[in-house]
Amino acid sequence: MTPHKLDTSVRAIREWLARSVKSLGNHSDRLNAINVFPVADGDTGSNLYLTARAGHDAISKLESDDIGGFLEVAARASMESARGNSGTLLAVFLSGLSEPWSGHERLTAPLLALGLERAKVRSWSALSEPVEGTMLSVINAISLAAGSTLAHLKTDPDSRAALDAVLTQMSQAAQLAVRGTEAELPSLVKAGVVDAGAVGMLIIIDELCAAIRSESTEFDSYDDFHGYRSQDPHIHLTEETESGVEVMCTVSLDALGAATLRGHLDSMGNSVIMSPVNQLQEDTYRWRVHVHVPDAEPALELIRKHGDPVNISVTDLCTHDG
């Protein structure tokens, strides 16, 4: 690989999103099979694929030279159609990544590092109880890798060689982070598998690197992840599932209203994720809300006291989709 072959334009971002949808679709069965955290409901792969596809569909006919604005459109559509914990975090990641890129036509190493740092902050702050050993570990690892590589570069930070170096370190850091998840969470230790969401994020990062480099993506190393070979059983079918439902919706709130709702949802259920979709007024945003609760109606009644929820979805946590 020679740095001068790097594609840093919107074309690469479009290609990245298309590749991610295809690869998440191809890997969805194995991701579902090892999905045991936070709930063994076997749908992480499906949720990531459907969320990514919604983002890709939104930009399929969009013409733009602004890499940040282009990705923001995809991120917003992903957020509105996000599925599950993993899909919601993917949408938040894309949204955070797009923010520092806004107004730029070319991706550079410093811009990539800024985007990853912003995506990390957004992803960790979206969850009421962020947990290591998940997608968050991969997001944290690639952000740190990009920042560290940039800090120790002996070449022009804005050069293609610098970007290539950052991509290499990102990919390696993501791989190591995925391997580390197996030892970080009791449910993963018990099942003897890596985290499904973390592998999904690795797929997305590997496709980003490959799209920028105009290369094919190699997934052979994934066979070394415990439980990930095609002949391995669906681990989630042997695990205990959480009772209750997953509630997701979009609601317009000011900052105080969002903080209050988050606190009430924390006391009612778990796996609470709240992230702004877009700004409506100076202090009012449309928020994507995600929570696991014993019963949907009390949660929806609570949300209705704060605003008018739309795009409501309720999914049984005991359902196996894998």
Side-chain angles (χ1 to χ4, degrees), residues 7 12-32 34-35 43-59 67 70-72 74-79 81-98 101 107 112-113 115-120 122-124 126 134-143 145-146 166-179 181 194-213 215-219 221-222 225 228 275:
D7 185 352
I13 306 303
R14 186 190 300 276
E15 178 69 10
W16 169 40
L17 296 174
R19 284 170 175 249
S20 295
V21 171
K22 181 178 179 180
S23 292
L24 287 170
N26 290 340
H27 285 254
S28 62
D29 184 65
R30 292 319 306 165
L31 293 173
N32 289 342
I34 62 170
N35 171 206
D43 61 2
T44 288
S46 303
N47 288 341
L48 284 170
Y49 164 72
L50 291 170
T51 302
R53 192 179 72 180
H56 176 259
D57 288 350
I59 52 85
I67 57 173
F70 185 84
L71 185 57
E72 182 187 7
R76 189 177 300 175
S78 295
M79 191 83 74
S81 301
R83 304 290 189 96
N85 293 61
S86 57
T88 305
L89 271 179
L90 169 58
V92 174
F93 173 80
L94 294 176
S95 181
L97 196 63
S98 72
W101 295 6
L107 186 63
L112 177 56
L116 291 173
E117 176 63 23
R118 181 59 181 157
K120 180 185 75 173
R122 283 282 306 275
S123 298
W124 281 79
T134 62
M135 291 174 72
L136 292 177
S137 294
V138 177
I139 294 170
N140 188 55
I142 59 177
S143 176
V166 169
L167 294 176
T168 297
Q169 295 304 313
M170 277 173 53
S171 181
Q172 293 176 0
Q175 280 265 356
L176 288 172
V178 169
R179 295 182 190 282
T181 62
V194 292
D195 181 65
V199 180
M201 181 55 66
L202 173 62
I203 290 170
I204 291 160
I205 296 307
D206 279 347
E207 289 295 7
L208 173 62
C209 296
I212 294 172
R213 288 169 165 162
E215 293 181 339
S216 59
T217 314
E218 298 295 332
F219 295 108
S221 63
Y222 288 34
F225 297 149
Y228 205 72
S275 182

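This structure is a prediction, so every number in the text was calculated from the model and none was measured. Numbers here are sequence positions counted from 1.
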- Between the OG atom in Ser23 and the CG atom in Asp206, the distance rounded to the nearest 0.5 Å is 9.0 Å
- Message: For Gln169 and Gln172: C-alpha separation, side-chain torsions, deciding distance, then whether side chain to side chain contact (heavy atoms under 4.5 Å, CB included) applies.
- Response: CA-CA 5 Å; Gln169 295 304 313; Gln172 293 176 0; 3.8 Å; yes
- Message: Could you tell me if the side chain of Ile205 sits less than 4.5 Å from the side chain of Phe93, heavy atoms only?
- Response: yes
- Item | Straight-line distance of Thr217 OG1 to Asn26 CG, nearest 0.5 Å | 11.0 Å
- Query: Side-chain contact, heavy-atom cut-off 4.5 Å: Ile204 with Leu24?
  - Reply: yes
- May I ask you to decide if Ser95's main-chain N or O and Ser98's side chain share a donor-acceptor pair within less than 3.5 Å? yes
- Is there a side-chain contact between Phe225 and Leu202 (heavy atoms, below 4.5 Å)? yes
- May I ask you to check whether Glu207 and Ser20 show a side-chain donor-acceptor distance below 3.5 Å? no
- Item | Exercise: do Ser275 and Arg122 side chains pair donor with acceptor under 3.5 Å | yes
- CA sep, side-chain torsions, deciding dist, call: Ser123, Leu136, side chain to side chain contact (heavy atoms under 4.5 Å, CB included): CA-CA 7 Å; Ser123 298; Leu136 292 177; 3.8 Å; yes
- Nearest non-hydrogen partners of Gly55 and Ala77, listed with the distance: CA-CB, 4.2 Å
- Message: To the nearest 0.5 Å, what is the distance between CZ on Arg118 and OG on Ser143?
- Response: 12.0 Å
- Any side-chain heavy-atom pair from Tyr222 and Gln175 closer than 4.5 angstrom? yes
- Query: So how far is it from Leu208 CG to Ile203 CD1, rounded to the nearest 0.5 Å?
  - Reply: 14.0 Å
- Message: Donor-acceptor pair, distance only, cut-off 3.5 Å: does the side chain of Arg83 make one with the backbone of Ser46?
- Response: no
- Message: Contact between Met201 and Leu89 at the side-chain level, heavy atoms closer than 4.5 Å - yes or no?
- Response: no
- Output yes when a side-chain donor or acceptor of Ser28 lies under 3.5 Å from a complementary backbone atom of Gly25, and no otherwise. yes
- Query: What is the minimum heavy-atom distance between Ala145 and Ala173, and which atoms define it?
  - Reply: CB-CB, 3.6 Å
- Query: So, do Leu112 and Met170 sit near enough that their side-chain heavy atoms are less than 4.5 Å apart?
  - Reply: yes
- Could you check if a side-chain atom of Tyr49 sits within less than 4.5 angstrom of a side-chain atom of Leu31, using non-hydrogen atoms only? no
- Item | Polar contact flag, side-chain donor to acceptor under 3.5 angstrom, Asn35-Thr44 | yes
- From Cys209 atom SG to Ile142 atom CD1, the distance as rounded to the nearest 0.5 Å: 8.5 Å
- Could you tell me whether the side chains of Arg179 and Ser221 share a donor-acceptor contact shorter than 3.5 Å? no
- Message: Testing the basics here: between Thr181 and Ala198, what is the closest heavy-atom pair and its distance to 0.1 Å?
- Response: CG2-CB, 3.9 Å
- Task: Could you tell me the separation between the OG1 atom of Thr88 and the CE atom of Met79, rounded to the nearest 0.5 Å?
- Result: 8.0 Å
- Item | Contact check, side chains of Ile212 and Trp16, non-hydrogen atoms, under 4.5 Å | no
- Message: I need the minimum non-hydrogen distance between Val21 and His56, along with the two atoms involved.
- Response: CG2-CB, 3.7 Å
- Item | Under 3.5 Å: donor-acceptor pair, side chain of Thr51, backbone of Leu48 | no
- Message: Show the nearest heavy-atom pair for residues Asp195 and Met135, with the distance to one decimal.
- Response: OD2-N, 3.7 Å
